[in-house]
Number of protein chains: 2
Amino acid sequence: MTLAYPLSDPRTAPPAAALTEAFERLGVRMAYARDEEIYAQDDEAELLYRVVRGVIRTSRVTADGRRQVGDFYYVGDVFGLEPGPDHRFAAEALTECEVQVVRRASMRAVAGDAEVDRAILAATQREMERLQDHVLMLGRKSARERVASFLMSLAGGHEGQVDLPMGRQDMADYLGLTIETVSRMLTQLQGEQIVEFPSSRRFQVRKWTALEALAE
Amino acid sequence: MTLAYPLSDPRTAPPAAALTEAFERLGVRMAYARDEEIYAQDDEAELLYRVVRGVIRTSRVTADGRRQVGDFYYVGDVFGLEPGPDHRFAAEALTECEVQVVRRASMRAVAGDAEVDRAILAATQREMERLQDHVLMLGRKSARERVASFLMSLAGGHEGQVDLPMGRQDMADYLGLTIETVSRMLTQLQGEQIVEFPSSRRFQVRKWTALEALAE
DNA sequence: CGAGGGATTGATACGTCTCAAAGCATGTGG
DNA sequence: CCACATGCTTTGAGACGTATCAATCCCTCG
């Protein structure tokens, strides 16, 4: 059997129904408590994961203690896909959560289905897109712009109040800033009525155009 | 026919002979002059490229003129693989160069060969690895460390003199710094005898351990 | 030999980090 | 129900690193 669309675009390709099905069929369901480690950095990357409930954070800590958050994964997202044989980033449960886990080897067993394979390529490409955005942000944006971009991506056009699942330290480590700088930028944006924080873990966008302009 | 290794590790998998062959068989050979554009940002990503001679640079310019260099590609590297339907980064010839080009559609025609498909996944994963390293660098390293990392990756253990194919501006835009800061860091590293520049486009590592320590 | 473009150096401004303290929630035991 | 401890967030003052602007240098090429 040949692969019909080995280079298909993940956004025009049919949704990754095959992956979802593989997870449902082969996946073991696991629950993790807040801050529990799902896999460690430099662990062998033998499993594939899919978020069912809660939020996941990937991060890497350097020898001298600096920490970089790779990304945050929400319900439906696949994570654990790494370029090499082992994980360069660790994964932890940001909130209490539930994930489906599949052995890569098991995945192989059903991979005769070209659709599964395409879905994995698609997931890898989505991962790449996140990484590209991250590079653009870290390379060229100011603290103010980074924080604005982050809020923008969380709100994603949603008009009402949005939940902020992560603390300031996680935001800082994702954005390549310190916790104090993040806090100051949030205060600043709030002072300009661009965004409003009823509590530190909940916000609402007030001036979309202003936020968008900052996020670029 | 099933895919034997849909999730195989690109580093343990057999070299991408299938891709190479596909490029040789189907690829059109193109030559570009220094600074010539190969594709523009937001162009449709319909072609796949492989460097035969010279060096390629990918970059993205934001609305207000800030520029981020995505990466540099050397002989044998595949570029043009993007997550979406169009290029988020433009590609330009850094030096005079030659590349092989293949239509994605043509690639599809020979994709019945599972090996070709695996090779594309492998290339995508290599791309992802570069991006992860880039994020780590931009997020948490100082100017000094960034420049050291860059020289380290260029030298790659090579004892003799190494050619620097790009100018200071390109280095700066890759490292998320200004040209002046890059220049100062180079002068500094040279002052400490860690590295030596016989000319501005040629260098030699003098103290590997010191450079490695900085590069992390 | 002179012109032009890239690279370096210098002086200063600005943004972000650092260190320290205070504020504000949340939960616990009295 | 209050008092207090704890952890996270905010605020402040000052130090530090990188950017900015401007001038000079140097190499290459005509």
Side-chain angles (χ1 to χ4, degrees), chain A residues 33-35 57 62 64-69 92 94-96 137-151 163-192 195-203 214, chain B residues 33-35 57 62 64-69 92 94-96 137-151 163-192 195-203 214:
Chain A
R34 195 174 165 286
D35 277 330
R57 156 193 78 220
T62 62
D64 62 341
R66 283 176 283 188
R67 179 169 171 268
Q68 177 68 47
V69 167
E92 300 119 27
L94 182 59
T95 65
E96 188 187 313
M137 179 164 81
L138 297 175
R140 288 305 179 204
K141 287 185 184 171
S142 68
R144 189 178 156 80
E145 292 169 327
R146 292 183 203 186
V147 171
S149 301
F150 187 72
L151 295 180
D163 205 68
L164 207 63
M166 68 292 293
R168 300 292 186 265
Q169 187 63 61
D170 283 329
M171 290 176 61
D173 288 344
Y174 176 72
L175 299 173
L177 300 170
T178 60
I179 187 176
E180 295 97 331
T181 298
V182 169
S183 180
R184 277 185 247 271
M185 295 303 121
L186 290 173
T187 307
Q188 198 181 90
L189 291 173
Q190 192 171 206
E192 295 164 29
V195 104
E196 189 186 333
F197 280 79
S199 89
S200 81
R201 291 297 193 101
R202 189 161 264 289
F203 74 98
L214 275 173
Chain B
R34 194 173 167 285
D35 279 329
R57 156 192 79 220
T62 63
D64 62 342
R66 282 177 285 190
R67 178 168 172 269
Q68 176 68 47
V69 167
E92 300 120 27
L94 181 60
T95 64
E96 186 188 312
M137 179 163 82
L138 296 175
R140 287 303 178 205
K141 287 186 185 171
S142 68
R144 188 177 156 80
E145 293 168 327
R146 292 183 204 186
V147 171
S149 301
F150 187 73
L151 294 181
D163 206 70
L164 206 65
M166 68 291 290
R168 299 293 186 265
Q169 188 62 62
D170 283 329
M171 289 178 62
D173 288 346
Y174 175 73
L175 299 173
L177 300 170
T178 60
I179 187 175
E180 294 95 333
T181 298
V182 169
S183 180
R184 277 186 246 272
M185 295 303 119
L186 290 174
T187 308
Q188 199 179 90
L189 291 174
Q190 193 170 206
E192 296 164 30
V195 105
E196 188 187 333
F197 280 78
S199 89
S200 81
R201 289 301 191 96
R202 191 161 263 287
F203 73 99
L214 274 173

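All values reported here derive from a predicted model rather than from experimental measurement. Below, chain A is the first sequence line, B the second, and so on; all start at residue 1.
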Practice prompt. Give a yes or no on this: more than 12 heavy atoms of other residues, nucleotides or ligands lie within 6.0 Å of atom CD of B:Glu196.
Written response: yes
Practice prompt. Mind checking salt bridge (charged side-chain N to carboxylate O under 4.0 Å, His left out) for B:Arg146 and listing every partner two or more places apart, or none if nothing turns up?
Written response: none
Worksheet item: What pairs with B:Glu180 under salt bridge (charged side-chain N to carboxylate O under 4.0 Å, His left out), at least two apart in sequence or on another chain?
Response: none
Worksheet item: Nearest-Å distance, CZ (B:Arg144) to C1' (D:dA19)?
Response: 19 Å
Item to complete: Check the distance between C:dT16's P and B:Leu177's CG and give it to me in whole angstrom.
Response: 14 Å
Fill in: Between C:dG5 (C1') and B:Asp170 (CG): distance, integer Å
14 Å
Fill in: d(NZ, B:Lys141; P, C:dT16) in whole Å
21 Å
Worksheet item: Quick one: B:Asp64 CG to D:dA19 C1', roughly how many Å, whole number?
Response: 15 Å
Practice prompt. Look only at the side chain of A:Arg201 and the backbone of A:Pro165, and say whether a donor-acceptor pair between them is shorter than 3.5 Å.
Written response: yes
Response to the item:
Each nucleotide of nucleotides 7-15 of chain C classed B (base within 4.0 Å of a protein heavy atom), S (only sugar-phosphate) or -, in 5' to 3' order, makes SBBBB----
Fill in: Length of the CG-P vector between B:Leu164 and C:dG6, whole Å
15 Å
Discussion item. More than 12 heavy atoms of other residues, nucleotides or ligands under 6.0 Å from CZ of A:Arg202: yes or no?
Written reply: yes
Fill in: Between CZ on residue B:Arg66 and CZ on residue A:Arg140, distance to nearest 0.5 Å
8.5 Å
Worksheet item: Tell me: CZ of A:Arg140 to C1' of D:dT18, nearest whole Å?
Response: 12 Å
